[in-house]
Amino acid sequence: MRDVESAVAVAEEAVPEHWRVTDSQSVSRSIARISTLARARHAVLLAHNYQLPEVQEASDFVGDSLGLSLEAQKTDADLIVFCGVHFMAESAKILNPAKTVLLPSLSAGCALADSITPESLLRWKERYPDHTVVTYINSSAEVKALSDICCTSANAVAVVRSLPASKILFTPDRNLGRWVARQVPEKEIVIYDGACPTHDVLRDASVEAARRAHPDAVIIAHPECREDVLAMADEVCSTSGMLAAVERHPEARTFLIATEWALIHQLKKRFPGRQFIPADGCIGCRLHCPYMKMITLEAVERSLRENVFEITVDPEDARLARRALDRMMAVPRDR
Ligand code: SF4
């Protein structure tokens, strides 16, 4: 990582105008300061694929929720600076109770995680007492603690298939839940009614418009997208799974990407000869997660300098959530 040239070059094509880097020298200096601070504090910087390109470049590891969870578990750093959203930093803390975990902005929440509370999950569990609860990692520690097992978009199908139970309560993302239910028809899957607004806003009509402009494009969609969008997709996978999906289409030059626009930074780095276009038919303005973009280089630098904001988890919630996360991490990726 820490390749500011790449961050700036990619930004010109893949990034909505408002978020483009306009002063590459200042970005370069900022990344250098962060690198020095991180070394001095023996810190590791983990960044989600939806982070700003320059934050991805400032980080040691960039990945999806499953990859970041695994990385958080094996790091020997004293300090984890989590460039992502709150539930991700919480998961890192649960997996590393002895380490300090910092989230550079407390405004980096997640609307999907907020769509389920411990109280609402308890009500659903009362209605479906015989069901095994599978909870997407995009949820609070308290909700994970009330769940039998977690999953990410990278292993949701494999997690549900791995369970001996035939009755599943899948929470909180209804689009991912429906996608899993179609892949695992032999199980009875009740689906909670939450959604990610960034993905749920995308409609097939917008993707159709983008496809008319690029008729030969391969469509790759995240399973948090609605059913009408997933029905148009050639590939449905997690953000890191999208990198592998591109490799499965060596003949294709153009890809429509139905997920948060910042992932395109990683795609363009990995496949410089290919064209990646946000599937919303505009410049990525619909597929934009405002929570992820709360983490700026300035916030990361402040986090390292001032030791903010430390993430803590109630010990009993952490113990039970850890059980659900450990079970999840024992299941391999869908593909
Ligand atoms: S993209 Fe959706 S699920 Fe991911 S952090 Fe943003 S609001 Fe949450």
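Since the model is a prediction, treat every value here as computed from it, not as a measurement. Indexing begins at 1, ligand by ligand and atom by atom, following the structure's order. Any value given below was found using the heavy atoms of this structure, including those in side chains, with hydrogens, waters and symmetry copies removed.
- For the atom pair CE (M88) and CG (D64), the distance works out to 8.5 Å, reported to the nearest 0.5 Å.
- Note that CD1 of I34 is 4.5 Å distant from CG of L297, once rounded to the nearest 0.5 Å.
- Minimum heavy-atom separation, A258 to V229: CB-CG1, 4.3 Å.
- The shortest non-hydrogen separation linking Y192 to S115 is OH-O, 2.9 Å.
- Shown here is Q25, whose CD atom has no more than 12 heavy atoms of other residues, nucleotides or ligands within 6.0 Å.
- Side chain to side chain, E57 and H265 meet the donor-acceptor criterion of an N or O pair below 3.5 Å.
- Shown here are the protein N/O/S atoms lying under 2.8 Å from atom 2 (Fe) of ligand 1, water excluded: C196 SG.
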